[in-house]
Amino acid sequence: MYTIDSTYHPPYVGVFLLIFSCCVYAVIQVLKPVDLKRSSGKRRWSMPPGPPGAPVLGNLRQMMKARRGGALSFNKWLASLIPYGEMATLHMGSKTWIVLNSDRVVSELIAKRGKITNERPHMPIASDLVSNGKRTVIRQEEEWREGRRVMHHLLSGSNLKVYAGMQELESVDMLRRYLREPKLWYSHHFRYATSVLYRIVMGYPLHKSKAELDAYQRVTIEFVSSINQSYVDFFPSFSTLPHVLQPWRSYWMQMGAFHRRVFQQWWQPISAAVRDGSAPPSFVRDVLLHPDMRYAGDDEEAMYLATSVMAAGGDNTRMTMNVFIMAMVTNPEAQARARAEVDRVCTKGDSLRLPRMSDMSEMPYVAAMIKEVLRWRPTVPIVPPHQLTENLEFDGKFIPAGTCLLINSIALSNEFEDANKFKPERWLQGPPGSGKTIPNFWGFGGGRRVCVGSKVAEQALFIIFARLLYCFELIPDGPIDDEKLNHQSLDEPFPVRATVRSDGHAALIEGEAAKYEASFSTFATK
Ligand code: HEM
């Protein structure tokens with residue numbers, strides 16, 4: 001009799017299972033982080049230790065969870081990587097990160113080996129969709145180089161003196177706002193930082209409506225938050241799927257389109273003025289659109305470069321000013337010491353004058369506060385990834401090209417003695433023969449990608465620190481936790497009372513402001 005064998009499978013089922021398994025295997029191989037793939041030579045990769053992670057996602061969810069918890073929780077997560085040593089390996093989806101936890105390894109890898117640690121990883125969301133592939137800070141090396149050349153030209157050398165004049169001018173307006181509306185101290189920081197950058201880049205005082213400024217601020221915050229936010233940036237191969245299989249695209253594309261519209265509104269009047277010959281000297285007129293400079297990018301790239309410089313410079317300066325205020329209200333001795341230094345230079349008997357940029361060499365303690373503010377509560381807790389372009393042998397490890405290196409500012413700050421204390425004197429040169437040297441400083445990142453605006457930032461911060469200390473007493477106006485900076489708050493981030501020191505100081509501010517009033521930027525509040 002004919003019987004049916006229940007274990008019999010027609011041959012095509014076997015073939016299907018084989019193909020399916022091969023596909024799963026191939027997908028897993030593609031998605032694997034680079035150090036978990038086989039090395040092409042005989043040697044196996046040898047990576048620094050790191051926290052255990054989940055299958056496929058690795059440590060990605062740990063970071064995402066920390067980010068969702070806010071700035072403090074993210075900083076705590078960065079601190080939790082310190083016990084793994086000077087370098088900690090993380091598997092972030094398809095990416096391998098090595099987080100750099102010490103000054104020594106940052107000097108060795110980011111500064112000394114800049115030639116092979118200069119690339120940025122491909123970020124299909126933050127870079128391609130949100131930034132049209134054109135925001136300099138996360139652009140890949142080949143497209144980035146030309147923009148860097150012109151930015152360097154803009155932000156160094158004799159231009160710095162011209163910018164010092166702009167910074168002094170805008171800071172007088174800020175002092176008067178502090179005097180008249182002390183409760184809005186934090187919004188005066190936004191105004192100062194943004195209008196200085198606008199003047200430098202576009203050449204004009206800033207006259208914008210509240211709606212325009214709100215849109216600009218939203219763009220900055222959205223862009224910064226988009227970096228390392230989408231899982232797709234950690235699995236970039238998903239971006240090669242057909243568009244119908246990428247449901248996330250429309251959300252990010254809409255965001256990118258909104259950013260572009262805002263940029264165009266800011267850019268078009270300036271670029272028109274350059275073309276009709278009516279624009280004043282500026283980065284846009286003299287560097288980006290001047291025929292002799294031979295900037296290789298087109299108008300669209302010029303627009304992204306100009307607005308990227310404004311955004312990168314403005315918001316970091318604003319946040320650092322807030323940290324300075326936090327340092328002052330929680331460290332009255334440092335405030336008094338710095339003020340004594342400024343008074344020595346600017347007060348002669350009954351005669352008062354505002355500090356100037358040229359006073360910097362006579363105010364070393366105030367100047368040292370710039371580094372200490374950035375060390376104490378780093379404005380950029382983790383520097384955007386630098387990607388290795390060659391395999392690297394270092395400290396007995398063998399690390400594959402494609403691995404990302406990230407400076408952990410929280411760990412670097414922690415290497416200092418009494419790390420949680422605000423002590424600007426760490427950055428002061430010792431007397432001759434004392435053997436005291438100034439430590440390395442990484443608050444602006446490092447290597448070839450180092451912040452191109454660091455000199456402009458130092459000037460912007462110095463003049464504000466010195467002038468605020470000269471004119472105002474700063475105290476807490478309620479309970480304060482010095483780790484809670486609330487950088488993204490639109491209201492007062494922490495309670496502060498700023499009181500003018502004397503009638504003489506108030507008269508000085510009003511007198512100086514009256515002289516320059518016609519040139520100030522105007523900020524609509526409605
Ligand atoms: C206290 C204020 C500032 C801080 C803490 C800061 C920090 C940084 C950091 C950490 C980077 C990335 C470096 C790296 O990848 O290694 C960066 C890049 C950059 N910064 Fe700053 N920055 C500040 C102010 C400024 C200012 C005032 C400007 C403009 C005048 C500016 C323009 C830029 C630009 C354009 C980039 C991207 C550079 C490139 O693509 O090559 N920054 N900044």
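When reading the values below, keep in mind they use all heavy atoms of this one structure, side chains included, and skip hydrogens, waters and symmetry mates. Both counts, for ligands and for their atoms, begin at 1 and track the order of listing. Numbers here simply count residues along the sequence, with the first being 1.
For atom 16 (O) of ligand 1, the closest heavy atom belonging to the protein is His386 NE2, 2.9 Å. Among all non-hydrogen protein atoms, the one lying nearest atom 39 (C) of ligand 1 is Trp144 NE1, 3.3 Å. Among all protein heavy atoms, the one lying closest to atom 15 (O) of ligand 1 is Arg120 NH2, 2.7 Å. Looking at atom 38 (C) of ligand 1, its nearest protein heavy atom turns out to be Arg148 NH1, 3.6 Å. Remark: minimum distance from atom 13 (C) of ligand 1 to any protein heavy atom is reached at Arg449 O, 3.2 Å. When only non-hydrogen protein atoms are considered, atom 1 (C) of ligand 1 lies nearest to Thr320 OG1, 3.2 Å.
Between Gly446 and ligand 1 there is a heavy-atom distance shorter than 4.0 Å.
The number of heavy-atom neighbours closer than 6.0 Å to NE2 of His152, taken from other residues, nucleotides and ligands shown, is 12 or below. Heavy atoms of other residues, nucleotides or ligands lying less than 6.0 angstrom from NZ of Lys397 number more than 12.
Protein N/O/S atoms found under 2.8 Å from atom 21 (Fe) of ligand 1: Cys451 SG.
A side-chain contact (heavy atoms from CB on, under 4.5 Å) with Trp97 is found for exactly one of Asn228, Asn59, Thr89, namely Asn228. The salt bridge (charged side-chain N to carboxylate O under 4.0 Å, His left out) with Glu372 is formed by just one residue from the set Lys423, Arg426, Lys421; it is Arg426. Under the side-chain contact (heavy atoms from CB on, under 4.5 Å) test applied with Leu100, the options Leu109, Ile382, Leu406 reduce to a single match, Leu109.
Residues passing the side-chain hydrogen bond (donor to acceptor under 3.5 Å, both in side chains) test with Glu301, sequence neighbours excluded: Arg139.
Ring centers of Phe416 and Trp427: under 6.0 Å apart, within the cut-off. Proximity of the aromatic rings of Trp185 and Tyr178 is defined here by a centroid distance below 6.0 angstrom, and this criterion is not met.
Contacts with ligand 1 closer than 4.0 Å are made by no heavy atom of Met319, backbone or side chain. In Ile407, neither the side chain nor the backbone holds a heavy atom less than 4.0 Å from any atom of ligand 1.
Aromatic ring orientation, Phe263 versus Tyr304: perpendicular (interplanar angle above 60°, classes split at 30° and 60°).
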Problem set entry | From CA spacing to verdict: side chain to side chain contact (heavy atoms under 4.5 Å, CB included), Arg135, Ser308 | CA-CA 6 Å; Arg135 271 187 174 109; Ser308 295; 3.7 Å; yes
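Going from atom NE2 of His122 over to atom NZ of Lys95 covers 8.0 Å, rounded to the nearest 0.5 Å.
For ligand 1, the atoms sitting less than 4.0 Å from at least one non-hydrogen atom of Leu197 are 29 (C), 30 (C), numbered in the order shown with element in parentheses. Below 4.0 Å from some heavy atom of Gly443 lie the following atoms of ligand 1, by number and element: 5 (C). Of all the atoms in ligand 1, the ones that sit under 4.0 Å from a non-hydrogen atom of Thr136 are 39 (C), 40 (O). Numbered from 1 in the order shown, with element, the atoms of ligand 1 that lie under 4.0 Å from a heavy atom of Leu374 read 5 (C).
Salt-bridge formation is not detected for the pair Lys134/Glu143: no Lys NZ or Arg NE/NH1/NH2 atom is positioned less than 4.0 Å from an Asp or Glu carboxylate oxygen.
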